Amino acid sequence: MDAKSRQGSSGPAPICFADYHNSRHVGSTIPLRHVLQEDSGRTSTSNYGVSKGLEIIPLSRLEVGIFPPNYLAHQSSVPNGFGDLSFQVKFRAFSATEGHGDYFVGFFFGGSLPTGTPPNGVGHSILSPTLAAAKGFGHWDVQTTLGASLPVSGTNILGRAIIFNTAVNYKFKGRVWPMLEQNSTFWSGGVLDGKKQVFLTPGLVLGSFQVAERLRFAIGAGVQIAVTEFHQYNHRWILSLRFPF
């Protein structure tokens, strides 16, 4: 499908959480991401890759993503190393183009395999089912996901988590998208039982811009700011690049 026939809400991909955009059309995307965050001990960690990789859309309603392990570089005494291999499958259940409702509803199923060594890797396999929805309102676009993080093993340590995200974007001059995200996590069981953390993420996305006949480019940046007393990190700067083709 060409750009005019893509199905679903028309806003850009969120900076922090999984988006629905590639499942609107047949093709592929290479997303690249770098994160610099302030850990709870006031030290900084650079996260290269952030579990992003090649996303392939073999069918109009289905997307499959395979994400190589990210690499974490710590400024503390924690050893540097690779994280875990992860994957995600996205299914577009319902959608409508801009001018005909401009909405999206879909289901994601992801997970990770313990290929990394703790603390850079989790040390256990995790499954992550998610419900995603989006709606366009003229120049405004709202996207939200509600999911869970369910360890296959090690639940007594990791616990289970409910993850809720929302992004609100405004289209300015066609390719400029200021946005505000909220990212919330609620734990049950494990060492973080009863804890919650919430971040607000102001950001800006530019694009997409045509590079070649099918290749396009978009860039986004933002900073996650903790708004709850408990948080595992703070002032997490995120740079995201996307190359859909």
Side-chain angles (χ1 to χ4, degrees), residues 14-19 33 35-53 64-91 106-133 144-166 181-201 224-236 238:
I15 293 174
C16 297
F17 63 93
D19 70 288
R33 188 172 293 180
V35 166
L36 177 64
Q37 68 188 41
E38 178 184 282
D39 301 323
S40 56
R42 296 289 183 177
T43 59
S44 296
T45 296
S46 291
N47 189 332
Y48 299 93
V50 200
S51 299
K52 290 295 180 182
V64 178
I66 301 295
F67 312 131
N70 52 321
Y71 184 80
L72 294 100
H74 306 275
Q75 292 185 357
S76 64
S77 59
V78 177
N80 301 336
F82 287 95
D84 296 331
L85 175 71
S86 59
F87 64 90
Q88 187 171 64
V89 178
K90 303 177 184 179
F91 175 74
F107 304 97
F108 303 166
F109 182 79
S112 62
L113 302 175
T115 56
T117 302
N120 298 308
V122 176
H124 300 274
S125 296
I126 296 177
L127 300 179
S128 304
T130 301
L131 173 66
T144 188
T145 62
L146 178 63
S149 177
L150 308 174
V152 177
S153 61
T155 306
N156 60 321
I157 300 173
L158 301 176
R160 298 179 177 90
I162 299 296
I163 302 169
F164 174 57
N165 302 290
T166 300
E181 297 184 29
Q182 75 79 25
N183 316 113
S184 304
T185 306
F186 307 87
W187 283 274
S188 175
V191 298
L192 297 179
D193 183 42
K195 299 284 189 182
K196 68 176 180 180
Q197 68 178 8
V198 179
F199 297 94
L200 292 181
T201 307
Q224 279 188 304
I225 302 170
V227 295
T228 49
E229 182 178 358
F230 171 79
H231 48 271
Q232 296 173 302
Y233 55 85
N234 200 3
H235 302 119
R236 188 187 206 194
I238 302 170

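Everything numeric in this text was worked out from a predicted model, so none of it was measured.
Here the side chains of T228 and K195 are not in contact, with every heavy-atom distance at 4.5 Å or above. Taking 4.5 Å as the limit, some side-chain heavy atom of L127 sits within range of a side-chain heavy atom of F109. Between E181 and F199, the closest side-chain pair of non-hydrogen atoms is not below 4.5 Å. Side-chain contact check for S184 versus I163: every heavy-atom pair is 4.5 Å or farther apart. At least one side-chain heavy atom of L131 sits under 4.5 Å from a side-chain heavy atom of F107.
Atom NE2 of H74 and atom OG of S44 lie 11.5 Å apart (nearest 0.5 Å). Atom CD of E229 is separated from atom CD of Q197 by 13.0 Å, given to the nearest 0.5 angstrom. In this structure, Q88 CD and T130 OG1 are separated by 6.5 Å, a value rounded to the nearest 0.5 Å. Taking CG of N120 as the reference point, atom CG of N80 lies at 7.0 Å (rounded to 0.5 Å).
Of all non-hydrogen atoms in I162 and A148, the two that sit nearest each other are CD1-CB, 4.2 Å. Residue P114 comes nearest to G123 through the heavy atom pair CB-C, 3.6 Å, listed as atom of the first residue, atom of the second, then distance. Across Q232 and L192, no two heavy atoms sit closer than the pair NE2-CD1, 3.6 Å. The minimum heavy-atom distance between P151 and L158, with the atom names listed, is CG-CB, 3.9 Å. The two residues S149 and I126 have their closest heavy-atom pair at OG-CG2, 3.3 Å. For V122 against D84, the heavy-atom pair with the smallest separation is N-OD2, 2.9 Å.
With hydrogens and angles left out, the side-chain atoms of S86 and S112 include no donor and acceptor closer than 3.5 Å.
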T201 and R236: CA distance, side-chain angles, deciding distance, side chain to side chain contact (heavy atoms under 4.5 Å, CB included) verdict: CA-CA 9 Å; T201 307; R236 188 187 206 194; over 6 Å; no
Checking F164 against T145 for the side chain to side chain contact (heavy atoms under 4.5 Å, CB included) test, could you report, in this order, the C-alpha distance in whole Å, the side-chain angles of both residues, the deciding distance, and whether it holds? CA-CA 6 Å; F164 174 57; T145 62; over 6 Å; no
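The cationic group of K90 lies under 6.0 Å from the six-membered ring centre of F108 and within 45° of the ring axis, placing it in a cation-pi geometry.
Classification of the F82-Y71 ring pair by plane angle, with boundaries at 30° and 60°, yields perpendicular.
For the pair N47 (side chain) and L72 (backbone), a donor-acceptor distance under 3.5 Å is absent.
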